[in-house]
Amino acid sequence: MAALRRDSGSLPRMQYEAEIAQMIQGLLASAPFDTEMAAADLESWLERPKDPKMGDLAFPCFRLSKVLRKAPPQIATQLGEGITETMLSAAGLEKVVVAGPYLNFYVARAELAGATIPAILDGPFLARRDARGEKVMVEYSQPNTHKAFHVGHLRNASLGDSIARLLDWVGNEVVPVNYIGDEGTHVAKCLWHLRTQFQGEIPTTHRGEFLGEQYSTATELLSLDTLTRAPRPGVLVAEVVSCAPHAEEPKWHVAEVRLGGETVTVVAGVGGFAAGNRVAYAAPGQRIAGKEVGVVKRKGVLSTGMLLSEAELGISDDNETIAVLPADAAVGEEVAEVYRKDGALPADVKVLDEFRRRNAEVSAVLQAIESGSGEIWEQWKETKDWSMDEFKRIYRWIDSRFDHDFFESELGEESKALVREHLGTGVFKESEGAIGADLSEYGLGFCVLIKTDGTALYATRDLALARRKFDEFGVDRSLYVVDDAQTLHFQQVFKCLELMGYEQASKCQHLGYAQVVLPDGKMSSRKGNVILFSQLEERLLSKVREEFLDKYIGDWPQEEIDEAAHRIALATMRYGMLNQVNSSKIIFDLDEWSARSGNTGPYMMYAYARTRSILRQVGEVDSGSVDWALLDHELESDLIGFLADYPRNLERAAEQLLPQIVCTYAYELSKKFSRWYKECSVMHAETEALKATRLQLVDATGRVIQHALSLLGVATIERM
RNA sequence: GCGCCCGUAGCUCAGCUGGAUAGAGCGUUCGCCUCCGGAGCGAAAGGUCACAGGUUCGAAUCCUGUCGGGCGUACCA
């Protein structure tokens, strides 16, 4: 970002920073210090005092004390004594005050206002910076077709879009792209349900959401949980032949259990069972609670497989004892069958048979989709458009833009070929029937790329996609705006690229963020507590109309009211989604976001509308009488100083990929503005010159608020 | 088990590459419309910065450990 700072050298505040740094550098070079320091370092130590009364820029002397071996306040005093009137005025400074270990510089108000306000109104202050940056691709949104678009997706869309706008403003060439999940199991599940289970009529509107419902019902029907309380396929009922505490570790229990014919020895970590009991047994090779069951030697006893607790079976929270099953459970039977749910299936149909039958049907649908022709494939094409149409409508509503759409379905074959290409080079290898990269030496585990059945995965496609981004689009940097939960996925993908010899891997960056949760917990389609986009839109609009706009019915043109409703609703949503650091989760609370007061989108829009209202009402004044020296009120100084600081905030936000910084700035600016105009009337200013000068400040403030909001993806309105 | 993220006022959150007395909003209490829009402004009350060590002139911020909450951890995306 150093280039940016050089670039914006003509902007007000930067000038002072450089001047002060040089001044201090000069003082340090001569007696009594005689020390050479880099001006750039000194400049970077400058900070903005907490209290505007303490000046515009502060130089802390703490770090110098180490070099000079003097106490910070002493250094500050000596530096302060060295600063002369001429030095100050040459730098455009009014005064300097020694405050303990700090040197507080006061910028001459009239000059700062004169350098800042006209630059905002007619100059380069708000203009996009020169395009000296990189070509950066920002991938975001990534919705799945055949699934619902809900409020969780809106954090991603708001963040990605705002990041793209910020990076563009600081001078990068930004290519915003979408990556559509149009292929895969979720699509097959949806179509499976539509074809074999759905009875009703297909609606003519909101067909994207309709598909989402099909998918979510399908998920339920295809989940073992809905058929049994113990959804652990492959875990069988075993009879305990003998059981005794381990000789050295009495907490452990060594048991002989019988499954049909054979008998095995198992060491269990806990007890609570006895000979004659029926227990749940998982054979080696299975995965229970994320761990693979194996054959291990525990203090001299060879243990084959494991016995499960009720917690591991999923039937209770108890993990202190081994689950004891009903005495009539048949040995060798699946536990899923033992705990089958009443009424879920006809009595003569086995839980696992039905489960496997349904999933086999889904697999058949999946293969048909990927075959590239046929009736199911045609239906896939058609339904995919239903979702795409809905996405387009949503993006129009939230005002997000993409230069290109990637589709998962166009990357499958390409990605598999890419893996095969590198199979011989030793980067990838076969393991347990699958092909992938062993990244355990990097602490990233094993990354499967080709499944046992020969099909590709999400990570596989991301390899091909990353290459395309650089090779076909010629970008310098590639940003992935994706949920935090996928951090490991991207670490694996980027590491694979690196191992494949792809240098651009280092130019790939995952921008993670935490999830959106509801006040009463996590959103999940299974709990049925997701808020769909259409529901949000409806709730937002009706709330905004009721709170802000209904009183204008009959007074304003209807089109203006409708447009205002849309913009305020969008501001409410966008601001709520962005006014938080990326790493912490957002509690979705519509009531709080749309509150008529406080740190919300509508508040900022209101502040902007007020600037416009003042401009309209004061009307034309003689701008020739503008005199910046007249802006001498304390609140005016504060406001001007804050305006001058705007670009610096944007640079920080772009550097940290954090739009929240822009939110905070916009809020503080609006707050300062409200406080000021309450105190200093424009219309009733004592003189025409003061009125004209204040009017310029109002205009400039409005422009900056509007600009900040535009980077958040929010459009202002002229009155509200 | 291992890894990542989070833990700041009753609630929701800021706190810039360590720096001056830890800040907002909501809620609570109290003021302010003969004055450019009260959708606003001002004030008050409210904090052992999860806990314990350490580094430093200085720690909410950096390091180590502990405790809470969330997520991830080979054939889902």
Side-chain angles (χ1 to χ4, degrees), chain A residues 44-45 47-51 54 58 60 62-63 65-66 71-72 99-102 104 142 144 147 181 184-186 287 290-292 408 431-438 443-453 455-459 461-462 482-489 491-492 512-515 517 519 522 547-548 551 579-581 583-587 589 591-593 595-600 602-603 605-607 609-610 613-618 648-649 652 655-656 658 660-661 663-664 667-668 671 674-675 677-685 691 694-695 698 719-720:
Chain A
S44 73
W45 296 350
E47 55 190 59
R48 199 180 153 73
K50 286 190 173 179
D51 188 338
M54 301 192 289
F62 302 102
R63 299 182 208 224
S65 75
K66 204 165 260 170
Y102 288 90
N104 289 335
Q142 306 107 338
N144 286 324
K147 268 190 178 180
T185 323
H186 69 280
R287 289 194 163 266
K291 283 180 294 189
E292 187 174 333
E408 284 188 17
S431 170
E432 296 176 25
I435 296 171
D438 185 1
L444 299 175
F446 190 90
C447 176
V448 172
L449 295 167
I450 308 285
K451 292 195 277 185
T452 322
D453 66 3
T455 57
L457 278 100
Y458 184 53
R461 282 187 271 264
D462 254 328
V482 182
D483 182 358
D484 254 346
Q486 293 182 36
T487 302
L488 178 61
H489 163 78
Q491 287 175 331
Q492 290 178 329
Y513 60 89
Q515 292 164 324
V517 299
K522 194 181 161 181
E547 298 254 333
F548 301 98
K551 58 186 172 185
N579 188 24
Q580 193 136 172
V581 293
S583 56
S584 58
K585 64 184 179 197
I586 288 180
I587 297 177
D589 187 344
D591 291 333
E592 190 159 323
W593 291 4
R596 40 203 317 135
S597 58
N599 191 352
T600 64
Y603 173 81
M605 292 184 77
Y606 175 72
R610 289 301 306 274
S613 163
I614 292 172
L615 289 169
R616 273 195 306 271
Q617 292 182 47
V618 174
R648 187 186 237 224
N649 282 271
R652 256 182 64 214
E655 201 176 318
Q656 297 180 29
L658 184 51
Q660 189 264 337
I661 290 173
C663 291
T664 304
Y667 175 66
E668 277 183 37
K671 191 92 188 155
S674 301
R675 200 172 296 163
Y677 80 68
K678 190 81 182 172
E679 194 74 21
C680 303
S681 176
V682 178
M683 187 176 278
H684 304 284
K691 186 193 279 192
R694 282 184 176 165
L695 203 57
V698 171
R719 54 176 179 170
M720 67 185 281

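Excluded from the calculations below are hydrogen atoms, water molecules and symmetry mates; all remaining heavy atoms, backbone and side chain alike, are included. To find a chain, count down the sequence lines: A is the first, B the second, and so on, and within it residues start at 1.
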**Student:** Need one value for A:Gln660: base, sugar-phosphate or nothing, where a base atom within 4.0 Å counts as base even if backbone is also close, heavy atoms only.
**Tutor:** sugar-phosphate
**Student:** So what does A:Asp51 hit on the nucleic acid, given a heavy-atom distance under 4.0 Å: a base, only sugar-phosphate, or nothing?
**Tutor:** nothing
**Student:** Using atom CG of A:Asn599 as one end and atom P of B:rA14 as the other, report the distance to the nearest whole Å.
**Tutor:**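 In whole Å, B:rA14 P and A:Asn599 CG are 11 Å from each other.
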**Student:** Should A:Ser674 be listed as having a side-chain N or O under 4.0 Å from OP1 or OP2 of B:rG40?
**Tutor:** no
**Student:** Establish, with yes or no, whether the OP1 or OP2 oxygen of B:rC16 is under 4.0 angstrom from a side-chain nitrogen or oxygen of A:Gln656.
**Tutor:** no
**Student:** Just call it for A:Val581: base, sugar-phosphate, or nothing, with non-hydrogen atoms closer than 4.0 Å on any strand.
**Tutor:**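 Counting heavy atoms under 4.0 Å across all strands, the contact made by A:Val581 is with sugar-phosphate only.
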**Student:** For a quick check of understanding: with a heavy-atom distance under 4.0 Å over all strands, which category does A:Asn104 fall into, base, sugar-phosphate or nothing?
**Tutor:** base
**Student:** Measuring only the P atom in each nucleotide, how far is B:rG42 from B:rG69? A whole number of Å is fine.
**Tutor:** 40 Å
**Student:** At under 4.0 Å between heavy atoms, what does A:Ser583 touch on the DNA or RNA strands: base, sugar-phosphate, or nothing?
**Tutor:**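 Touches sugar-phosphate only.
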**Student:** What does A:Thr452 touch in the nucleic acid at a heavy-atom separation under 4.0 angstrom: a base, only the sugar-phosphate, or nothing?
**Tutor:**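 The residue A:Thr452 makes base contact.
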**Student:** Please classify the nucleic acid contact of A:Ala71 as base, sugar-phosphate, or nothing, using heavy-atom distances under 4.0 Å.
**Tutor:** nothing
**Student:** Considering only the C1' atoms, how many Å lie between B:rA74 and B:rU17, rounded to the nearest integer?
**Tutor:** 39 Å
**Student:** Heavy atoms only, 4.0 Å cut-off, all strands: where does A:Pro49 land among base, sugar-phosphate and nothing?
**Tutor:** base
**Student:** If you measure only the distance, is there a donor-acceptor pair under 3.5 Å linking the side chains of A:Gln660 and A:Thr664?
**Tutor:**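 Yes, because at least one side-chain N or O of A:Gln660 sits under 3.5 Å from a partner of the opposite role on A:Thr664.
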**Student:** Looking at A:Lys678, does any N or O in its side chain come under 4.0 Å of the phosphate oxygens OP1/OP2 on B:rC35?
**Tutor:** no
**Student:** To the nearest Å, how far apart are A:Phe62 CZ and B:rA20 P?
**Tutor:**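 Checked: the CZ to P distance equals 8 Å.
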**Student:** For B:rG25, does either OP1 or OP2 sit under 4.0 Å from a side-chain N or O belonging to A:Lys671?
**Tutor:** yes
**Student:** Between B:rU61 and B:rU55, how many Å separate the two C1' atoms, rounded to a whole number?
**Tutor:** 13 Å
**Student:** Please check if the side chain of A:Gln492 supplies one atom and the backbone of A:Leu444 the other of a donor-acceptor pair under 3.5 Å.
**Tutor:** yes
**Student:** Quick check for you: among B:rG37, B:rA77, B:rC41, whose closest atom lies nearest to any side-chain atom of A:Tyr458?
**Tutor:**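 Minimum distance to the A:Tyr458 side chain belongs to B:rA77.
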**Student:** Rounded to the Å, how far apart are A:Ile614 CD1 and B:rG40 P?
**Tutor:** 15 Å
**Student:** Rounded to whole angstrom units, what separation is found between the OH atom of A:Tyr667 and the P atom of B:rG23?
**Tutor:**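 Whole-Å distance recorded here is 15 Å.
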**Student:** Considering every strand shown, what is the Watson-Crick or G-U wobble mate of B:rG1 when both distances are under 3.5 Å?
**Tutor:**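 Base partner found: B:rU73.
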**Student:** Pick the nucleotide of RNA chain B nearest each of A:Ser65 and A:Asn144; which residue has the one closer to the 5' end?
**Tutor:**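 Nearest-nucleotide comparison on RNA chain B picks A:Ser65.
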**Student:** What is the distance from CH2 of A:Trp45 to C1' of B:rA20, rounded to the nearest Å?
**Tutor:** 18 Å
**Student:** Find the distance A:Glu47:CD to B:rG58:P and express it as a whole number of Å.
**Tutor:**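 It works out to 18 Å between those atoms.
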**Student:** For the pair A:His489 and A:Tyr458, name the ring-plane relationship: parallel under 30°, tilted 30 to 60°, perpendicular over 60°.
**Tutor:**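 Parallel.
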**Student:** Let's see if you can work this out: which of B:rG42, B:rC36, B:rC13 has an atom nearest to the side-chain heavy atoms of A:Arg610?
**Tutor:** B:rC36
**Student:** Rounded to whole angstrom, note down the P distance from B:rG72 over to B:rA14.
**Tutor:**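 Here B:rG72 and B:rA14 have their P atoms 22 Å from each other.
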**Student:** Looking across every strand, which nucleic acid part, if any, lies under 4.0 Å from A:Ala514 by heavy atom: base, sugar-phosphate, or nothing?
**Tutor:**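 A:Ala514: no heavy atom of the nucleic acid under 4.0 Å.
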**Student:** Under 4.0 Å, counting only non-hydrogen atoms across every strand here, what does A:Thr455 touch: a base, just sugar-phosphate, or nothing?
**Tutor:** nothing
**Student:** So A:Arg694, base contact, sugar-phosphate only, or nothing? Heavy-atom distance under 4.0 Å.
**Tutor:**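 Answer is nothing: A:Arg694 stays at 4.0 Å or more from every strand.
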**Student:** Just how far is it from atom OH of A:Tyr513 to atom CG of A:Asp483, taken to the nearest 0.5 Å?
**Tutor:**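 That separation rounds to 5.0 Å.
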**Student:** Let's see if you can work this out: which of B:rC36, B:rC71, B:rA39 has an atom nearest to the side-chain heavy atoms of A:Val682?
**Tutor:** B:rC36
**Student:** Looking only at the side chain of A:Ala58 (C-beta and beyond, no hydrogens), which of the listed nucleotides B:rU12, B:rA20, B:rA77 gets closest?
**Tutor:** B:rA20
**Student:** What interatomic distance, in whole Å, is found between C1' of B:rC76 and the corresponding atom of B:rA60?
**Tutor:** 39 Å
**Student:** It should be established whether A:Arg63 places a side-chain nitrogen or oxygen under 4.0 Å from OP1 or OP2 of nucleotide B:rG58.
**Tutor:**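 False: A:Arg63 side-chain N/O out of range (4.0 Å or more) of B:rG58 OP1/OP2.
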**Student:** Would A:Gln617 and A:Ser613 count as having a side-chain donor-acceptor pair, cut-off 3.5 Å?
**Tutor:**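 Note: A:Gln617 and A:Ser613 side chains meet the donor-acceptor criterion.
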**Student:** Rounded to the nearest Å, what distance is computed from the CG atom of residue A:Asp484 to the C1' atom of nucleotide B:rG3?
**Tutor:**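 Computing the A:Asp484:CG to B:rG3:C1' distance gives 13 Å.
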**Student:** What's A:Lys50 touching, base or sugar-phosphate or nothing? Going by heavy atoms closer than 4.0 Å.
**Tutor:**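 Sugar-phosphate contact only.
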**Student:** Is there a donor and acceptor pair closer than 3.5 Å between the side chain of A:Ser431 and the base of B:rA74?
**Tutor:** yes
**Student:** For A:Gln486 and B:rC5, what is the distance between atoms CD and P respectively, to the nearest whole Å?
**Tutor:** 17 Å
**Student:** Using a heavy-atom cut-off of 4.0 Å across all strands, would you classify A:Glu408 as base, sugar-phosphate, or nothing?
**Tutor:** sugar-phosphate
